[in-house]
Amino acid sequence: MNTNITLRDIAKALNLSISTVSRALTDSYQIGDETKQKVVAYAKEHHYIPNRMAKSLKEGKSRSIGVVVCSIDNNFVAQMLDGIDQYCTDHNYQLIIMQSKESFEQEKACVNLLYAGGIDGLLISPAYQTTDFDYLIDLQKSGLPIVLFDRLSDHINTHKVASDNFKGAYDATMHLINNGYKSIAHISSNTKLSMATDRFEGYKKALKDSGLTYREELVKFCDTSNATSLHQNLEKAIQELMALKNKPTGIFTATDQLTTKCLSLINQLGYQIPTDVALIGFSNTDLADALHPSLSTIHQPAFEIGNLATKQLLALIANKESEKYDTVLLDTTIQARVSSQKN
């Protein structure tokens with residue numbers, strides 16, 4: 001039996017008009033405080049639940065946004081989603097989350113499904129495979145507000161929010177150099193997204209500013225599209241690096257997955273960290289202190305990235321005619337631990 005009360009029920013019980021009850025529940029300035037308090041108290045006592053569909057039809061909005069991420073199974077993404085969720089909840093929006101699993105085709109399928117479902121706007125962190133943004137541009141032209149977060153691209157003009165990847169990579173490489181490691185390898189994902197290219201450029205700039213020669217054989221780009229290829233490619237990359245005549249004394253890794261997996265594989269291959277090779281990388285893992293040895297990381301403001309990206313998207317939804325787009329890059333922080341301590 002459906003016992004949900006309606007606006008009509010509240011109006012009848014309090015001897016008010018339906019429009020007065022509706023305005024009171026939306027905190028309208030047209031309704032006095034005493035009436036508002038009476039309506040809200042009655043609604044709460046009787047577990048009134050607003051009819052989201054009816055409200056959506058009246059406003060011409062679904063009050064839902066779509067979110068597409070690579071995967072929800074890592075801490076960094078989960079922390080960004082937490083920031084998105086908080087802003088949505090505070091502003092009475094619901095979010096629908098889908099995963100691309102680093103596949104461009106799956107990403108397109110996710111976005112098309114969300115669009116068909118009537119979302120008001122889209123937050124997207126593109127898959128590593130994504131190089132073609134035409135389908136997003138077409139949706140944008142059709143009136144769908146879109147904001148890129150975490151993984152950015154110059155191929156689409158919109159609001160974008162991410163970490164300052166260049167500076168984070170520069171600082172991490174300088175951290176190793178200042179701790180006495182002069183032969184530094186770089187391991188990253190084989191993607192053309194700016195996240196990877198900016199981190200690569202930050203690494204090279206730190207070497208240059210320190211008077212160290214860039215060596216191509218110390219750079220490895222791995223396929224991280226699935227767990228099997230990640231493990232195989234990363235293990236091969238580490239073995240090739242450590243087999244070099246002039247092998248690296250330090251390694252800087254560019255993604256959350258690569259960083260924690262690299263620590264594990266170096267240990268499995270029998271090398272001592274940081275005695276044989278030091279390690280620092282981008283990671284928001286909560287377990288960095290508990291790992292063996294404790295892992296030095298570049299920590300990204302994940303919650304803030306998600307929160308700010310959502311704020312920008314809701315602003316776009318409210319004003320679709322916006323002609324000025326902002327790219328916001330938030331500072332990272334180095335959390336130094338045993339894996340990169342001075343040798």
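Quantities reported herein were computed from a predicted structural model and do not represent experimental measurements. All values below were derived from every heavy atom in this structure, side-chain atoms included, with hydrogens, water molecules and symmetry-related copies excluded.
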Would Ile334 and Ser296 count as a side-chain contact (heavy atoms from CB on, under 4.5 Å) if you check the C-alpha gap in whole Å, the side-chain angles of each, and the deciding distance to 0.1 Å? CA-CA 7 Å; Ile334 285 183; Ser296 295; over 6 Å; no
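- The existence of a salt bridge linking Lys205 and Glu201 is excluded, since no basic side-chain nitrogen approaches an acidic carboxylate oxygen closer than 4.0 Å.
- Side-chain contact check for Ser17 and Thr20: at least one donor-acceptor pair (N or O, by modelled atom type) lies under 3.5 Å.
- Connection of Leu263 to Ile184 is established within a shared hydrophobic cluster, with ILVMFWY side chains joined at heavy-atom distances below 4.5 Å, either directly or through further cluster members.
- Considering CD1 of Ile187 and OG1 of Thr255, their distance stands at 10.0 Å, rounded to 0.5 Å.
- Closest non-hydrogen pair, Leu218 versus Tyr203, comes out as CB-OH, 4.3 Å.
- Annotation: cation-pi pair Lys44/Tyr42 absent, no NZ/CZ under 6.0 Å from the ring centroid and within 45° of its normal.
- Residues Tyr135 and Glu107 bring a donor and an acceptor atom of their side chains to less than 3.5 Å of each other.
- The CG atom of Leu136 lies 9.0 Å from the CG atom of Leu144; values are rounded to the nearest 0.5 Å.
- Counting heavy atoms from C-beta on, the side chains of Ser188 and Phe252 never come closer than 4.5 Å.
- The CG atom of Leu295 sits 8.5 Å away from the CD1 atom of Ile280 when rounded to the nearest 0.5 Å.
- Within 6.0 Å of the NZ atom in Lys36, the count of heavy atoms belonging to other residues, nucleotides or ligands exceeds 12.
- Side-chain contact between Ile65 and Leu95: present, with at least one pair of heavy atoms (C-beta onward) separated by less than 4.5 Å.
- Between the side chains of Ser340 and Tyr181, no donor-acceptor pair of N or O atoms lies under 3.5 Å.
- Between atom CG of residue Asp276 and atom NZ of residue Lys247 there is a gap of 6.0 Å, rounded to the nearest 0.5 Å.
- At most 12 non-hydrogen atoms from other residues, nucleotides or ligands lie less than 6.0 angstrom from CG of Asp154.
- Distance alone, capped at 3.5 Å, places no donor-acceptor pair between the Ser22 side chain and the Ser19 backbone.
- Between Phe221 and His186, the angle of the ring planes goes over 60°, which puts this pair in the perpendicular group of the 30/60° scheme.
- Using a 4.5 Å cut-off on side-chain heavy atoms (C-beta onward), Arg8 and Lys12 make no contact.
- Nearest approach of Ser294 to Asp289, heavy atoms of both residues: CB-O, 3.8 Å.
- Here the straight-line distance linking atom CD of Glu105 with atom OG1 of Thr130 works out to 9.5 Å at 0.5 Å rounding.
- Side-chain contact annotation: Thr297 with His299, donor-acceptor N/O pair under 3.5 Å absent.
- Side-chain contact, Asp256 with Ser283: a donor N or O sits under 3.5 Å from an acceptor N or O.
- Atom OG1 of Thr35 sits about 9.5 Å away from atom CG of Leu14, to the nearest 0.5 Å.
- Between the side chain of Asn112 and the main chain of Lys108, a donor-acceptor pair closer than 3.5 Å is present.
- Inspection of the Ser189 and Thr224 side chains reveals an N or O donor paired with an N or O acceptor under 3.5 Å.
- Using a 4.5 Å heavy-atom threshold, the side chains of Leu279 and Thr253 count as touching.
- Minimum interatomic distance between Ile84 and Gly306 (heavy atoms only, all atoms of both residues): CG1-O, 3.4 Å.
- With Thr327 contributing its side chain and Lys160 its backbone, the two residues share no donor-acceptor pair below 3.5 Å.
- In the displayed structure, Gln30 atom CD is contacted under 6.0 Å by more than 12 heavy atoms of other residues, nucleotides or ligands.
- Contact check on Asp120 versus Arg63 returns no salt bridge, with no Lys/Arg side-chain nitrogen under 4.0 Å from an Asp/Glu carboxylate oxygen.
- In the hydrophobic cluster analysis, where Ile, Leu, Val, Met, Phe, Trp and Tyr join through side-chain heavy atoms closer than 4.5 angstrom, Leu258 is grouped apart from Leu193.
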If you apply the rule side-chain contact (heavy atoms from CB on, under 4.5 Å), what do you find for Arg215 with Ser183, and how did you get there? CA-CA 9 Å; Arg215 293 165 53 202; Ser183 178; 3.2 Å; yes
Would you sort out whether Thr249 and Val277 count as a side-chain contact (heavy atoms from CB on, under 4.5 Å), showing the intermediate values? CA-CA 5 Å; Thr249 55; Val277 63; 5.9 Å; no
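- The backbone N or O of Gly83 lies less than 3.5 Å from a partner atom in the side chain of Asn307, making a donor-acceptor pair.
- Between Leu81 and Val77, some side-chain heavy-atom pair lies under the 4.5 Å cut-off.
- Between the side chains of Ser163 and Asn165, no donor-acceptor pair of N or O atoms lies under 3.5 Å.
- No continuous path of hydrophobic side-chain contacts links Phe166 to Phe200 [ILVMFWY only; heavy atoms under 4.5 Å].
- Using a 4.0 Å cut-off between charged nitrogen and carboxylate oxygen, Glu102 and Arg151 count as a salt-bridge pair.
- Judged purely by distance below 3.5 Å, without hydrogens or angles, the side chains of Asn190 and Tyr128 never pair a donor atom with an acceptor atom.
- If you check the side chains of Asn284 and Gln300, you find no donor sitting under 3.5 Å from an acceptor.
- Linking ILVMFWY side-chain heavy atoms closer than 4.5 Å, directly or via other members, places Ile298 and Val338 in two distinct hydrophobic clusters.
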Run the numbers on Asp164 and Leu330 for side-chain contact (heavy atoms from CB on, under 4.5 Å), then give the verdict. CA-CA 5 Å; Asp164 190 338; Leu330 303 178; over 6 Å; no
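- Contact between Leu269 and Gln239 at its shortest, heavy atoms only, is CD2-NE2, 3.7 Å.
- Remark: the Thr6 side chain and the Asp9 side chain contain an N/O donor-acceptor pair separated by less than 3.5 Å.
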Step by step, would you call Lys167 with Asp331 a salt bridge (charged side-chain N to carboxylate O under 4.0 Å, His left out)? CA-CA 8 Å; Lys167 188 174 186 303; Asp331 288 338; 5.6 Å; no
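- Minimum interatomic distance between Gln79 and Asp286 (heavy atoms only, all atoms of both residues): NE2-OD1, 3.9 Å.
- In this structure, Arg199 is positioned above the aromatic face of Phe282, its NZ or CZ under 6.0 Å from the six-membered ring centre and within 45° of the axis.
- In this structure, Tyr87 has its ring center at least 6.0 angstrom away from the ring center of Tyr93.
- Remark: the backbone N or O of Asp326 is paired with a side-chain donor or acceptor of His159 at under 3.5 angstrom.
- Contact annotation: the side chain of Val161 never approaches that of Lys311 to less than 4.5 Å [non-hydrogen atoms, C-beta and beyond].
- More than 12 heavy-atom neighbours from other residues, nucleotides or ligands sit within 6.0 angstrom of CG on Leu244.
- The two residues Ile177 and Ser210 make their nearest non-hydrogen contact at CD1-OG, 3.5 Å.
- A 4.5 Å side-chain heavy-atom check between Ser339 and Pro293 finds at least one atom pair inside the cut-off.
- Side chain of Asn267 to main chain of His292: a donor-acceptor pair is present (N/O by atom type, distance under 3.5 Å, no hydrogens or angles).
- Hydrophobic clustering (ILVMFWY, side-chain heavy atoms < 4.5 Å, transitive): Phe303 and Leu287 are in distinct clusters.
- Between Leu230 and Gln257 there is a side-chain heavy-atom pair separated by less than 4.5 Å.
- Judged by distance alone, with hydrogens and angles left aside, the side-chain atoms of Gln140 form no donor-acceptor pair with the main-chain N or O of Ile146 at under 3.5 Å.
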